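One-based numbering, in listed order, for ligands and for the atoms of each. Since the model is a prediction, treat every value here as computed from it, not as a measurement.
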Amino acid sequence: MQRNVYILGIETSCDETAAAVVRDAHDVISSVVASQVEFHQKFGGVVPEIASRKHLEMLNPILDDVMARAGLKYEQLDAVAVTIGPGLVGALLMGLGAAKVVSYVKGLPLIGVNHLEGHIYANFVEHPDLKPPLIALIVSGGHTMIVYMKGHGEYELMGQTLDDAVGEAYDKVAAFLGLGYPGGPVIDREAREGNPNAIQFPRAMMRTGDFNFSLSGLKTAVLNYVSHLNLQARELPLHDIAAGFQAAVVDVLVSKTLLAAKEKNVGVVVLAGGVAANSYLRKRMIEETNKEGLMLYYPHITLCTDNAIMIAAAGYYRYLAGDRMSLKANPIPNLRLGQKVEV
Ligand code: KG4
Ligand code: ZN
C-alpha cells in the first residue's frame, strides 16, 4: 500500500493569509485562515501594500499554529505547496518567501500551485470519488471563467469575462447600495427576501453561443436603476434589487456552464471560487444539472473562499506528477491556468 503524503499548503495571493496540512488531498489535518478584511474594509477593497505587510506579520505565527495543531514536525511532511499566481505580486511574494524558507531549511520539495487550480481542487477535498474530465465554473473576486479540465493539471480555458469578474460585480453593486465589503455574502442574504423576477436586469451575452461573459452592463443597469429611484427620493426595494441582480448573473452562469458540458460531452460540473458559496447559484445549478442528468459538485462553504487546504490538495496531485519548483522561483501575478512554470 502507498504511504500517506502530507503536504503543507500556503496561500497569500490576496487578502487571506492561510496555511494548512492535508493528507493525500482529502484529510485535513489542520487549517488556519487569517482574514485581513477588517483592514481593507474602510477602503472598500483590497489595498495591495496593506495586504503584503499583513501577510508578513501573520505568516510566522500562522505556520507555528498550523504545525502545532497538526501535531507534526516539519520533517514529517512530504512537501510544501504554495500559490505562485495569479494574485497581487507583493502578497504572493510573502507566501512564496515563507515556503522557500521551510523548503530550504527542512529539505522539503517545493511545489508551485496556480490559485485558480487550487479553487478547482477545493472540490476534490471532500469528494475522493471526483475525477476529471469535468467542466469547472470559476467565479471569484478576480476571475470568471469556464474551464474544461481534461485530466489532473490539464486545462482548457473555454471562456471568461470580458470586463468585471462576478465577485467584483457583487462587491461593486453592494458598495453602491451601501451594504459594505465584501458584497457577495450580503447580497446573497438580502436576495433571499426578494423576488428575482420583480426587476428585470439585462442578461448580457446570454445567446452568443460562446463561453464569455460581460458583467459591466449589468452593474451599470443596477446603478442607473438605483440613481433613478434616489433622484425621485423613492425608497429602494433592496431585497428585490439584490434578487434581480443575482438572478441576472446566475441565469447566464448556469446556461453557459451547461452548454460547455454539452459541447465537451462531459457529465461532471464543479463550482469553484468565492462566489461558489452563493446559495442562489448553488440552488439553480442543482436544479438545472439534475434536469440534464449531470453530476454537480461544489466545495464546502469554508473551502469556496481563499484557503490553504485547496492549495495543499492541488499540490498533492502535482507532487504525484513529480512537479517540483526551484528556490529561484518568482511569483507570476498573471499566471494562466495550465501555464508551465519554467524553474
Ligand atoms: O475566491 P475568493 O475568496 O477570492 C478571490 O480569489 O477573488 O473570492 C472572493 C469573492 C468576493 O468578491 C466575495 O464578494 C465573493 O467572493 N463571495 C460571494 C459570496 N461569498 C463570497 N459572492 C456571492 N455570494 C456569496 N455568498
Ligand atoms: Zn481566490
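Follow the hydrophobic side-chain contacts under 4.5 Å out from Val21 and you reach Ile10 in the same cluster.
The backbone N or O of Asp240 sits nowhere less than 3.5 Å from a side-chain atom of Asn195 that would complete a donor-acceptor pair. Side chain of Glu117 to main chain of Leu337: no donor-acceptor pair is present (N/O by atom type, distance under 3.5 Å, no hydrogens or angles). Remark: side-chain polar atoms of Asn4 are not paired, donor with acceptor, to backbone N or O of Arg23 under 3.5 angstrom.
The shortest separation from a heavy atom of Glu16 to ligand 1 is not under 4.0 Å, leaving the residue out of contact. Distances shorter than 4.0 angstrom occur between a heavy atom of Pro185 and an atom of ligand 1.
Atom 24 (N) of ligand 1 has as its closest protein heavy atom Asn278 ND2, 2.9 Å. Of the protein's heavy atoms, Asp188 OD2, 2.9 Å lies nearest to atom 26 (N) of ligand 1. Protein heavy atom closest to atom 22 (N) of ligand 1, with residue, atom name and distance, is Gly184 CA, 3.2 Å. Looking only at heavy atoms of the protein, atom 15 (C) of ligand 1 is closest to Val275 CG2, 4.0 Å.
For the pair Asp163 and Lys219, the salt-bridge criterion is not met [side-chain N within less than 4.0 Å of a carboxylate O]. Between Glu287 and Lys291, none of the side-chain N atoms (NZ, or NE/NH1/NH2) sits under 4.0 Å from a carboxylate O, so this pair counts as no salt bridge. Salt bridge annotation for Glu57-Arg53: absent, with no cationic side-chain nitrogen under 4.0 angstrom from a carboxylate oxygen.
Listed by number with element, the atoms of ligand 1 under 4.0 angstrom from any heavy atom of Gly167 are 12 (O). Annotation for ligand 1: atoms under 4.0 Å from non-hydrogen atoms of Gly141 are 5 (C), 7 (O), 8 (O), 9 (C), 10 (C), 12 (O). Shown in contact with Gly142 at under 4.0 Å from a heavy atom are these atoms of ligand 1, numbered in order with element: 7 (O). Against a heavy-atom cut-off of under 4.0 Å, His115 is close to the following atoms of ligand 1: 6 (O). Interface of Asp171 with ligand 1, defined as ligand atoms under 4.0 Å from a residue heavy atom, comprises 11 (C), 12 (O), 13 (C), 14 (O). Near His119, meaning under 4.0 Å from one of its heavy atoms, ligand 1 places the atoms 1 (O), 6 (O).
Defined by atom type and a distance below 3.5 Å, a donor-acceptor pair is present between the side-chain atoms of Tyr170 and Gln246. Side-chain N/O atoms of His143 and Gln160 include no donor and acceptor closer than 3.5 Å. Side-chain N/O atoms of Asp164 and Ser216 include no donor and acceptor closer than 3.5 Å.
In this structure, NE2 of His119 and NE2 of His115 enclose an angle of 90° at the Zn ion (ligand 2), rounded to 10°.
Centroid-to-centroid, the aromatic rings of Tyr316 and Phe124 stay 6.0 Å apart or farther.
Closest approach between the Zn ion (ligand 2) and any N/O/S atom of Asp306 involves OD1.
Because the distance cut-off is set at 2.8 Å, Cys14 fails to qualify as a neighbour of the Zn ion (ligand 2), as none of its N, O or S atoms comes that close. Look at His143 and the Zn ion (ligand 2): no N/O/S atom of the residue is under 2.8 Å from the metal.
Considering both main-chain and side-chain atoms, Glu168 never comes within under 3.5 Å of ligand 1 through any nitrogen or oxygen pair. The N/O atoms of Asp306, backbone and side chain alike, include one that comes under 3.5 Å of an N/O atom in ligand 1.
Taken to the nearest 0.5 Å, the CG atom of Leu116 stands 8.5 Å off from the OG atom of Ser13.
Across the listed options Ser140, Gly274, Pro182, Gly274 owns the non-hydrogen atom lying nearest to atom 16 (O) of ligand 1.
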